[in-house]
Amino acid sequence: MSEVRNLKVALLGCGNVGAQVARILIDDADALAARSGARLELSGIAVRNIDTPRDVELPRELFTTDAETLVKDADLVIELMGGIEPARSLILTAVRNGACVVTGNKALLAQDGPTLYEEADKAGVQLSYEAAVAGAIPILRPIRDSLSGDRITRVLGIVNGTTNFILDQMDTTGAQFADALAEAQRLGYAEADPTADVEGHDAAAKAAILAALSFHTRFSLDDVYCEGITKVTASDIASAKEAGFVIKLLAIAEKIESPDNGSGISVRVHPTLLPREHPLAAVRGAFNAVFIEAENAGELMFYGQGAGGTPTASAVLGDLVSAARRLVLGGPGRTETTTGYVQPLPVEASTTSYYIGLDVADQPGVLARIAHIFAENDVSIEIMRQTIHRDASSAVESAELKIVTHRASEAALAATVEAVKGLDVINSVTSVLRVEGV
(Lines give C-alpha, C1' and ligand atoms only; values in the text may rest on other atoms or scores of the structure.)
Protein backbone atom coordinates (compact mmCIF):
# COMPACT_ATOMS: atom_id res chain seq x y z
CA MET A 1 0.00 0.00 0.00
CA SER A 2 1.37 3.42 -0.95
CA GLU A 3 2.19 5.85 1.83
CA VAL A 4 -0.56 8.35 2.65
CA ARG A 5 0.49 11.90 1.86
CA ASN A 6 0.63 14.43 4.69
CA LEU A 7 -0.87 17.89 4.06
CA LYS A 8 -0.31 20.80 6.44
CA VAL A 9 -3.46 22.80 7.29
CA ALA A 10 -3.19 26.35 8.62
CA LEU A 11 -6.26 27.71 10.41
CA LEU A 12 -6.72 31.50 10.58
CA GLY A 13 -9.16 32.43 13.32
CA CYS A 14 -10.56 30.43 16.21
CA GLY A 15 -14.00 31.81 16.96
CA ASN A 16 -17.12 29.64 17.18
CA VAL A 17 -16.61 28.15 13.72
CA GLY A 18 -12.82 27.98 13.79
CA ALA A 19 -12.78 26.16 17.14
CA GLN A 20 -15.17 23.51 15.82
CA VAL A 21 -13.12 23.10 12.63
CA ALA A 22 -10.00 22.53 14.73
CA ARG A 23 -11.83 20.02 16.94
CA ILE A 24 -13.07 18.01 13.96
CA LEU A 25 -9.64 18.02 12.29
CA ILE A 26 -8.16 16.53 15.46
CA ASP A 27 -10.97 14.16 16.52
CA ASP A 28 -11.86 12.86 13.04
CA ALA A 29 -8.34 12.76 11.58
CA ASP A 30 -8.57 9.12 10.43
CA ALA A 31 -11.97 9.53 8.75
CA LEU A 32 -10.87 12.72 6.99
CA ALA A 33 -7.70 10.99 5.77
CA ALA A 34 -9.76 8.15 4.30
CA ARG A 35 -12.06 10.57 2.49
CA SER A 36 -9.40 12.93 1.18
CA GLY A 37 -6.59 10.49 0.48
CA ALA A 38 -4.21 12.48 2.65
CA ARG A 39 -3.58 12.99 6.35
CA LEU A 40 -4.70 16.53 7.20
CA GLU A 41 -2.30 17.81 9.84
CA LEU A 42 -3.44 20.92 11.69
CA SER A 43 -0.07 22.72 11.71
CA GLY A 44 -1.23 25.80 13.60
CA ILE A 45 -4.01 28.21 14.53
CA ALA A 46 -3.39 31.92 14.07
CA VAL A 47 -5.20 34.17 16.56
CA ARG A 48 -4.87 37.70 17.88
CA ASN A 49 -4.70 36.59 21.53
CA ILE A 50 -3.59 33.10 22.50
CA ASP A 51 -5.05 33.47 26.01
CA THR A 52 -8.62 34.25 24.90
CA PRO A 53 -11.04 31.72 26.54
CA ARG A 54 -12.56 29.29 24.03
CA ASP A 55 -15.43 26.82 24.28
CA VAL A 56 -13.35 24.00 22.77
CA GLU A 57 -10.26 22.67 24.55
CA LEU A 58 -7.41 22.66 22.02
CA PRO A 59 -3.66 22.01 22.40
CA ARG A 60 -2.01 25.30 23.36
CA GLU A 61 1.07 24.55 21.25
CA LEU A 62 -1.05 24.88 18.09
CA PHE A 63 -1.74 28.58 18.68
CA THR A 64 0.35 31.38 17.23
CA THR A 65 0.04 35.08 16.55
CA ASP A 66 2.36 34.82 13.51
CA ALA A 67 -0.21 34.18 10.77
CA GLU A 68 2.18 35.14 7.96
CA THR A 69 4.73 32.43 8.77
CA LEU A 70 2.02 29.85 9.36
CA VAL A 71 0.43 30.51 5.96
CA LYS A 72 3.73 30.33 4.04
CA ASP A 73 4.38 26.79 5.29
CA ALA A 74 0.88 25.38 4.59
CA ASP A 75 -0.58 23.20 1.83
CA LEU A 76 -4.14 24.18 2.78
CA VAL A 77 -5.31 27.37 4.47
CA ILE A 78 -8.67 27.88 6.20
CA GLU A 79 -9.52 31.57 6.64
CA LEU A 80 -12.18 32.22 9.28
CA MET A 81 -10.97 35.57 10.60
CA GLY A 82 -13.60 37.66 8.86
CA GLY A 83 -13.23 41.27 7.81
CA ILE A 84 -11.20 42.59 4.89
CA GLU A 85 -7.67 42.92 6.29
CA PRO A 86 -5.52 41.09 7.17
CA ALA A 87 -7.68 38.27 5.74
CA ARG A 88 -7.27 39.49 2.15
CA SER A 89 -3.46 39.77 2.36
CA LEU A 90 -3.11 36.38 4.03
CA ILE A 91 -5.27 34.66 1.40
CA LEU A 92 -3.21 36.25 -1.38
CA THR A 93 -0.01 35.11 0.35
CA ALA A 94 -1.39 31.59 0.61
CA VAL A 95 -2.40 31.21 -3.03
CA ARG A 96 0.83 32.79 -4.30
CA ASN A 97 2.70 30.17 -2.27
CA GLY A 98 0.66 27.38 -3.88
CA ALA A 99 -1.79 26.65 -1.05
CA CYS A 100 -5.46 25.93 -1.63
CA VAL A 101 -7.74 28.16 0.43
CA VAL A 102 -11.09 27.58 2.13
CA THR A 103 -12.87 30.69 3.40
CA GLY A 104 -16.20 31.70 4.87
CA ASN A 105 -15.57 35.41 4.40
CA LYS A 106 -18.61 36.63 2.43
CA ALA A 107 -17.80 40.33 2.96
CA LEU A 108 -14.35 39.93 1.42
CA LEU A 109 -15.63 37.82 -1.48
CA ALA A 110 -18.39 40.30 -2.25
CA GLN A 111 -16.02 43.26 -2.07
CA ASP A 112 -12.88 41.91 -3.73
CA GLY A 113 -13.64 38.37 -4.91
CA PRO A 114 -12.38 38.91 -8.49
CA THR A 115 -8.84 39.69 -7.27
CA LEU A 116 -8.76 36.52 -5.17
CA TYR A 117 -10.22 34.38 -7.99
CA GLU A 118 -7.68 35.69 -10.51
CA GLU A 119 -4.73 35.07 -8.21
CA ALA A 120 -5.96 31.55 -7.45
CA ASP A 121 -6.32 30.89 -11.19
CA LYS A 122 -2.78 32.13 -11.85
CA ALA A 123 -1.40 29.87 -9.14
CA GLY A 124 -3.50 26.88 -10.22
CA VAL A 125 -4.92 26.42 -6.73
CA GLN A 126 -8.45 26.00 -5.43
CA LEU A 127 -10.40 28.74 -3.66
CA SER A 128 -13.54 27.37 -1.99
CA TYR A 129 -16.20 29.23 -0.01
CA GLU A 130 -19.27 27.06 0.63
CA ALA A 131 -19.48 28.35 4.22
CA ALA A 132 -19.79 31.96 3.04
CA VAL A 133 -23.49 31.86 2.17
CA ALA A 134 -25.77 29.62 4.21
CA GLY A 135 -23.88 27.83 6.95
CA ALA A 136 -24.31 24.08 6.73
CA ILE A 137 -26.54 24.18 3.64
CA PRO A 138 -24.71 22.84 0.57
CA ILE A 139 -25.90 25.46 -1.93
CA LEU A 140 -22.90 26.84 -3.82
CA ARG A 141 -21.65 23.47 -5.08
CA PRO A 142 -25.11 22.40 -6.34
CA ILE A 143 -25.47 25.72 -8.19
CA ARG A 144 -21.95 25.53 -9.63
CA ASP A 145 -21.92 21.80 -10.47
CA SER A 146 -25.31 20.09 -10.31
CA LEU A 147 -27.12 22.87 -12.18
CA SER A 148 -24.28 23.72 -14.56
CA GLY A 149 -26.22 22.13 -17.45
CA ASP A 150 -29.32 24.19 -16.75
CA ARG A 151 -30.28 27.87 -16.82
CA ILE A 152 -31.18 29.40 -13.48
CA THR A 153 -33.75 32.14 -13.86
CA ARG A 154 -34.35 33.16 -10.26
CA VAL A 155 -32.97 32.69 -6.76
CA LEU A 156 -34.86 33.62 -3.57
CA GLY A 157 -33.05 33.13 -0.31
CA ILE A 158 -33.47 33.50 3.43
CA VAL A 159 -29.75 33.72 4.09
CA ASN A 160 -29.52 35.50 7.44
CA GLY A 161 -30.61 33.57 10.52
CA THR A 162 -30.68 36.60 12.83
CA THR A 163 -33.26 38.50 10.80
CA ASN A 164 -35.32 35.40 10.17
CA PHE A 165 -35.47 34.72 13.91
CA ILE A 166 -36.52 38.32 14.62
CA LEU A 167 -39.27 38.35 11.98
CA ASP A 168 -40.47 34.91 13.08
CA GLN A 169 -40.71 36.11 16.68
CA MET A 170 -42.70 39.15 15.57
CA ASP A 171 -45.00 36.92 13.52
CA THR A 172 -45.62 34.24 16.16
CA THR A 173 -45.67 36.33 19.35
CA GLY A 174 -46.70 39.80 18.14
CA ALA A 175 -43.48 41.27 19.55
CA GLN A 176 -42.17 44.65 18.47
CA PHE A 177 -38.89 44.74 16.54
CA ALA A 178 -36.83 45.96 19.52
CA ASP A 179 -38.14 43.18 21.78
CA ALA A 180 -37.55 40.47 19.17
CA LEU A 181 -34.01 41.76 18.61
CA ALA A 182 -33.33 41.70 22.35
CA GLU A 183 -34.49 38.08 22.50
CA ALA A 184 -32.22 37.20 19.55
CA GLN A 185 -29.28 38.77 21.39
CA ARG A 186 -30.12 36.94 24.61
CA LEU A 187 -30.11 33.60 22.76
CA GLY A 188 -26.90 34.36 20.91
CA TYR A 189 -28.49 34.68 17.46
CA ALA A 190 -27.64 38.39 17.21
CA GLU A 191 -24.40 40.24 17.97
CA ALA A 192 -24.20 43.08 20.47
CA ASP A 193 -23.96 45.32 17.39
CA PRO A 194 -26.50 43.74 15.01
CA THR A 195 -26.15 46.36 12.26
CA ALA A 196 -24.72 44.05 9.59
CA ASP A 197 -27.65 41.68 10.04
CA VAL A 198 -30.67 43.92 10.60
CA GLU A 199 -29.67 46.48 7.95
CA GLY A 200 -29.32 43.68 5.39
CA HIS A 201 -25.57 44.05 4.71
CA ASP A 202 -24.76 40.42 5.54
CA ALA A 203 -27.53 39.16 3.26
CA ALA A 204 -26.43 41.55 0.51
CA ALA A 205 -22.91 40.10 0.48
CA LYS A 206 -24.38 36.61 0.19
CA ALA A 207 -26.76 37.75 -2.55
CA ALA A 208 -23.78 38.97 -4.61
CA ILE A 209 -22.10 35.56 -4.29
CA LEU A 210 -25.30 33.67 -5.16
CA ALA A 211 -25.90 35.90 -8.18
CA ALA A 212 -22.34 35.45 -9.46
CA LEU A 213 -22.59 31.66 -9.35
CA SER A 214 -26.14 31.47 -10.66
CA PHE A 215 -25.67 33.81 -13.61
CA HIS A 216 -21.96 33.23 -14.38
CA THR A 217 -20.90 36.83 -14.08
CA ARG A 218 -19.38 39.02 -11.40
CA PHE A 219 -21.44 41.07 -8.98
CA SER A 220 -20.19 43.26 -6.17
CA LEU A 221 -21.91 44.76 -3.15
CA ASP A 222 -22.42 47.94 -5.15
CA ASP A 223 -24.68 45.99 -7.53
CA VAL A 224 -27.03 44.88 -4.74
CA TYR A 225 -30.01 46.99 -3.66
CA CYS A 226 -30.16 46.65 0.13
CA GLU A 227 -32.91 47.43 2.62
CA GLY A 228 -33.00 46.02 6.16
CA ILE A 229 -35.79 45.12 8.57
CA THR A 230 -35.52 47.94 11.14
CA LYS A 231 -38.61 49.70 9.76
CA VAL A 232 -40.82 46.58 9.88
CA THR A 233 -43.40 47.10 12.63
CA ALA A 234 -45.65 44.77 14.58
CA SER A 235 -48.53 46.41 12.72
CA ASP A 236 -46.96 45.43 9.38
CA ILE A 237 -46.59 41.85 10.59
CA ALA A 238 -50.20 41.73 11.82
CA SER A 239 -51.57 43.22 8.59
CA ALA A 240 -49.55 40.74 6.54
CA LYS A 241 -50.84 37.84 8.63
CA GLU A 242 -54.42 39.03 8.24
CA ALA A 243 -53.96 39.11 4.45
CA GLY A 244 -52.44 35.60 4.39
CA PHE A 245 -48.77 36.63 4.16
CA VAL A 246 -45.60 36.35 6.23
CA ILE A 247 -42.73 38.86 6.08
CA LYS A 248 -39.22 37.57 5.37
CA LEU A 249 -35.94 39.30 4.54
CA LEU A 250 -35.18 37.89 1.10
CA ALA A 251 -32.07 37.94 -1.05
CA ILE A 252 -33.30 37.89 -4.64
CA ALA A 253 -31.32 37.48 -7.87
CA GLU A 254 -33.28 37.16 -11.10
CA LYS A 255 -32.92 37.57 -14.82
CA ILE A 256 -35.29 40.19 -16.23
CA GLU A 257 -36.04 41.93 -19.50
CA SER A 258 -36.48 45.65 -18.93
CA PRO A 259 -37.94 47.87 -21.70
CA ASP A 260 -35.70 50.75 -20.61
CA ASN A 261 -32.59 48.90 -19.42
CA GLY A 262 -32.49 45.79 -21.61
CA SER A 263 -31.67 42.28 -20.43
CA GLY A 264 -29.85 41.90 -17.14
CA ILE A 265 -29.83 40.67 -13.57
CA SER A 266 -31.56 42.32 -10.63
CA VAL A 267 -29.92 41.59 -7.27
CA ARG A 268 -31.70 42.92 -4.21
CA VAL A 269 -32.27 42.39 -0.50
CA HIS A 270 -35.37 43.70 1.27
CA PRO A 271 -38.29 42.72 3.53
CA THR A 272 -40.81 40.81 1.43
CA LEU A 273 -44.33 39.50 1.89
CA LEU A 274 -44.72 35.84 0.94
CA PRO A 275 -47.96 33.87 0.79
CA ARG A 276 -48.07 31.51 3.74
CA GLU A 277 -48.27 28.53 1.40
CA HIS A 278 -44.93 29.41 -0.23
CA PRO A 279 -42.14 26.97 0.81
CA LEU A 280 -39.96 29.80 2.15
CA ALA A 281 -42.78 31.02 4.40
CA ALA A 282 -42.37 27.90 6.55
CA VAL A 283 -38.70 28.60 7.35
CA ARG A 284 -38.74 29.33 11.07
CA GLY A 285 -36.34 30.57 13.72
CA ALA A 286 -32.71 31.05 12.74
CA PHE A 287 -32.87 28.57 9.85
CA ASN A 288 -31.95 29.47 6.27
CA ALA A 289 -33.29 28.31 2.91
CA VAL A 290 -32.58 29.03 -0.74
CA PHE A 291 -35.30 28.59 -3.37
CA ILE A 292 -34.12 28.19 -6.97
CA GLU A 293 -36.08 28.35 -10.21
CA ALA A 294 -34.39 26.83 -13.28
CA GLU A 295 -35.60 26.28 -16.84
CA ASN A 296 -35.33 22.49 -16.77
CA ALA A 297 -35.04 21.48 -13.13
CA GLY A 298 -38.00 23.65 -12.16
CA GLU A 299 -38.28 24.64 -8.50
CA LEU A 300 -35.74 23.47 -5.91
CA MET A 301 -35.30 24.38 -2.26
CA PHE A 302 -32.28 23.88 0.00
CA TYR A 303 -32.98 24.15 3.74
CA GLY A 304 -30.95 23.87 6.92
CA GLN A 305 -29.05 25.60 9.70
CA GLY A 306 -27.60 28.81 8.35
CA ALA A 307 -25.25 29.64 11.20
CA GLY A 308 -23.55 28.23 14.27
CA GLY A 309 -20.13 26.79 14.91
CA THR A 310 -20.73 23.11 14.21
CA PRO A 311 -23.06 23.47 11.18
CA THR A 312 -20.77 25.98 9.47
CA ALA A 313 -17.74 23.85 10.28
CA SER A 314 -19.41 21.06 8.30
CA ALA A 315 -19.36 23.24 5.16
CA VAL A 316 -15.74 24.26 5.79
CA LEU A 317 -14.59 20.66 6.17
CA GLY A 318 -16.45 19.64 3.03
CA ASP A 319 -14.49 22.22 1.06
CA LEU A 320 -11.26 21.19 2.78
CA VAL A 321 -11.66 17.51 1.85
CA SER A 322 -12.44 18.49 -1.75
CA ALA A 323 -9.34 20.69 -1.96
CA ALA A 324 -7.15 17.99 -0.37
CA ARG A 325 -8.36 15.40 -2.89
CA ARG A 326 -7.44 17.77 -5.69
CA LEU A 327 -3.92 18.10 -4.31
CA VAL A 328 -3.65 14.32 -4.05
CA LEU A 329 -5.07 13.52 -7.49
CA GLY A 330 -3.81 16.60 -9.35
CA GLY A 331 -5.64 18.81 -11.80
CA PRO A 332 -6.48 22.52 -11.99
CA GLY A 333 -7.98 24.44 -9.11
CA ARG A 334 -11.64 25.44 -9.12
CA THR A 335 -12.60 28.99 -8.20
CA GLU A 336 -15.39 30.71 -10.11
CA THR A 337 -17.58 29.94 -13.11
CA THR A 338 -17.90 33.27 -14.90
CA THR A 339 -18.46 32.80 -18.63
CA GLY A 340 -19.37 36.31 -19.72
CA TYR A 341 -20.88 39.59 -18.67
CA VAL A 342 -24.52 40.14 -17.82
CA GLN A 343 -25.27 43.68 -16.72
CA PRO A 344 -26.61 44.32 -13.22
CA LEU A 345 -29.86 46.26 -13.35
CA PRO A 346 -31.06 48.88 -10.86
CA VAL A 347 -33.90 47.95 -8.55
CA GLU A 348 -36.22 50.22 -10.57
CA ALA A 349 -35.97 47.77 -13.49
CA SER A 350 -37.24 44.79 -11.49
CA THR A 351 -40.86 43.70 -11.43
CA THR A 352 -42.69 42.89 -8.24
CA SER A 353 -45.95 43.40 -6.40
CA TYR A 354 -46.50 45.89 -3.58
CA TYR A 355 -48.39 45.77 -0.32
CA ILE A 356 -49.42 49.33 0.56
CA GLY A 357 -51.04 50.45 3.79
CA LEU A 358 -52.85 53.80 3.76
CA ASP A 359 -54.62 55.84 6.42
CA VAL A 360 -57.23 57.87 4.54
CA ALA A 361 -60.17 60.20 5.17
CA ASP A 362 -63.44 58.31 5.29
CA GLN A 363 -65.42 60.26 2.70
CA PRO A 364 -67.05 59.62 -0.68
CA GLY A 365 -64.79 59.37 -3.72
CA VAL A 366 -61.58 58.44 -1.91
CA LEU A 367 -61.35 54.94 -3.34
CA ALA A 368 -62.05 56.21 -6.85
CA ARG A 369 -59.29 58.83 -6.62
CA ILE A 370 -56.77 56.28 -5.40
CA ALA A 371 -57.77 53.74 -8.04
CA HIS A 372 -57.42 56.44 -10.72
CA ILE A 373 -53.79 57.10 -9.75
CA PHE A 374 -52.99 53.39 -9.88
CA ALA A 375 -54.53 53.17 -13.36
CA GLU A 376 -52.60 56.23 -14.56
CA ASN A 377 -49.33 54.49 -13.65
CA ASP A 378 -50.34 51.14 -15.23
CA VAL A 379 -50.48 49.41 -11.86
CA SER A 380 -53.34 46.96 -11.36
CA ILE A 381 -54.89 46.39 -7.93
CA GLU A 382 -55.34 42.74 -6.97
CA ILE A 383 -56.68 43.12 -3.42
CA MET A 384 -58.12 46.15 -1.62
CA ARG A 385 -59.47 45.95 1.92
CA GLN A 386 -60.94 48.82 3.95
CA THR A 387 -61.40 49.12 7.70
CA ILE A 388 -63.32 52.11 9.13
CA HIS A 389 -61.99 53.74 12.32
CA ARG A 390 -64.55 55.63 14.38
CA ASP A 391 -63.33 57.77 17.27
CA ALA A 392 -66.10 58.95 19.62
CA SER A 393 -63.94 61.88 20.79
CA SER A 394 -63.51 63.23 17.26
CA ALA A 395 -65.89 64.21 14.50
CA VAL A 396 -63.31 63.05 11.93
CA GLU A 397 -63.53 59.46 10.75
CA SER A 398 -60.73 57.69 8.95
CA ALA A 399 -60.28 54.44 7.14
CA GLU A 400 -57.37 52.05 6.76
CA LEU A 401 -56.79 50.73 3.25
CA LYS A 402 -54.67 47.68 2.55
CA ILE A 403 -53.77 47.22 -1.11
CA VAL A 404 -51.91 44.40 -2.85
CA THR A 405 -51.00 45.08 -6.46
CA HIS A 406 -50.39 42.82 -9.41
CA ARG A 407 -46.79 42.62 -10.64
CA ALA A 408 -45.49 45.80 -12.18
CA SER A 409 -42.16 47.52 -12.60
CA GLU A 410 -40.54 48.85 -9.45
CA ALA A 411 -40.39 52.28 -11.07
CA ALA A 412 -44.14 52.33 -11.79
CA LEU A 413 -44.98 51.16 -8.29
CA ALA A 414 -42.72 53.76 -6.67
CA ALA A 415 -44.25 56.50 -8.81
CA THR A 416 -47.73 55.32 -7.81
CA VAL A 417 -46.91 55.52 -4.09
CA GLU A 418 -45.47 59.01 -4.49
CA ALA A 419 -48.56 60.19 -6.38
CA VAL A 420 -50.90 58.71 -3.77
CA LYS A 421 -48.98 60.50 -1.01
CA GLY A 422 -49.86 63.79 -2.68
CA LEU A 423 -53.64 63.35 -2.35
CA ASP A 424 -55.27 65.59 0.22
CA VAL A 425 -57.39 62.67 1.45
CA ILE A 426 -54.32 60.66 2.51
CA ASN A 427 -53.49 61.03 6.19
CA SER A 428 -50.40 58.83 5.96
CA VAL A 429 -48.81 55.94 4.09
CA THR A 430 -48.40 53.43 6.90
CA SER A 431 -46.36 50.80 5.05
CA VAL A 432 -44.93 49.90 1.67
CA LEU A 433 -43.55 46.38 1.29
CA ARG A 434 -42.74 44.25 -1.74
CA VAL A 435 -44.60 41.01 -2.37
CA GLU A 436 -43.27 37.83 -4.04
CA GLY A 437 -44.79 34.47 -4.81
CA VAL A 438 -48.20 35.72 -5.96
Side-chain angles (χ1 to χ4, degrees), residues 15-16 82 106-107 134-135 156-207 221 224-252 268-274 276 278 280-289 305-309 347 354-359 387 389 391 398 400-402 404 417 421 427-436:
N16 289 337
K106 64 264 183 183
L156 305 173
I158 296 171
V159 293
N160 183 275
T162 300
T163 52
N164 199 59
F165 176 85
I166 291 170
L167 292 173
D168 186 46
Q169 282 287 296
M170 294 174 73
D171 181 70
T172 55
T173 70
Q176 296 286 346
F177 171 81
D179 296 328
L181 171 58
E183 179 67 3
Q185 290 172 320
R186 186 185 72 80
L187 294 173
Y189 293 135
E191 302 289 342
D193 179 3
T195 303
D197 294 320
V198 299
E199 294 293 353
H201 305 316
D202 175 81
K206 295 171 182 177
L221 272 174
V224 183
Y225 172 83
C226 182
E227 183 182 323
I229 66 167
T230 55
K231 294 180 181 177
V232 177
T233 67
S235 177
D236 290 332
I237 297 284
S239 296
K241 181 182 289 189
E242 182 184 342
F245 294 96
V246 63
I247 298 178
K248 299 290 186 182
L249 182 72
L250 290 190
I252 302 171
R268 47 202 167 92
V269 168
H270 50 68
T272 309
L273 272 73
L274 283 170
R276 288 190 174 262
H278 193 283
L280 287 175
V283 179
R284 304 287 302 279
F287 277 72
N288 283 191
Q305 295 190 62
V347 68
Y354 266 21
Y355 167 86
I356 304 167
L358 301 171
D359 186 89
T387 304
H389 298 295
D391 186 350
S398 65
E400 182 181 14
L401 288 183
K402 299 170 185 176
V404 177
V417 172
K421 285 180 181 178
N427 298 324
S428 64
V429 177
T430 57
S431 60
V432 178
L433 293 165
R434 295 167 182 86
V435 183
E436 294 289 343

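Taken to the nearest 0.5 Å, the CZ atom of F165 stands 5.0 Å off from the CG atom of L187. Within the model, atoms OG1 of T272 and CD1 of I158 stand 9.5 Å from one another, a figure rounded to the nearest 0.5 Å. Distance check, rounded to the nearest 0.5 Å: CD of E436 to CG of L156 gives 6.0 Å. Atom OG1 of T387 is separated from atom CD of E400 by 5.5 Å, given to the nearest 0.5 angstrom. Between atom NZ of residue K248 and atom CG of residue N160 there is a gap of 12.0 Å, rounded to the nearest 0.5 Å. Atom CG of L250 sits about 12.0 Å away from atom CD of E227, to the nearest 0.5 Å.
Between R434 and Y354 the shortest side-chain heavy-atom distance falls below 4.5 Å. Using a 4.5 Å cut-off on side-chain heavy atoms (C-beta onward), Q169 and L181 make no contact. Counting only heavy atoms from C-beta outward, the side chains of L433 and F245 never approach each other to under 4.5 Å.
When all heavy atoms are compared, the tightest approach of A205 to K106 is CB-O, 3.8 Å. The minimum heavy-atom distance between V224 and A207, with the atom names listed, is CG1-CB, 4.4 Å. Of all heavy-atom pairs spanning P271 and L249, the tightest one is N-CD1, 3.7 Å. Shortest non-hydrogen contact noted between A190 and T162 is CB-CG2, 3.6 Å. Here the closest non-hydrogen pair linking A204 and L221 is C-CD2, 3.8 Å. Taking both residues in full, the closest heavy atoms of Y355 and V404 are given as CD1-CG2, 3.9 Å, listed atom of the first, atom of the second, then distance.
Within a 6.0 Å radius of CG in D171, more than 12 heavy atoms belonging to other residues, nucleotides or ligands are found.
For the side chain to side chain contact (heavy atoms under 4.5 Å, CB included) with V232, the qualifying choice from I247, I166, T163, V198 is I247, the only one to do so.
Judged by distance alone, the side chain of D168 and the main-chain N or O of G285 form a donor-acceptor pair under 3.5 Å. Looking only at distances, a side-chain donor or acceptor of Q185 sits under 3.5 Å from a matching main-chain atom of E191.
Looking only at atom types and distance, the side chain of T233 has a donor-acceptor partner in the side chain of D236 under 3.5 Å away.
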Stepwise side-chain contact (heavy atoms from CB on, under 4.5 Å) test for H201 and C226: CA-CA 7 Å; H201 305 316; C226 182; 4.0 Å; yes

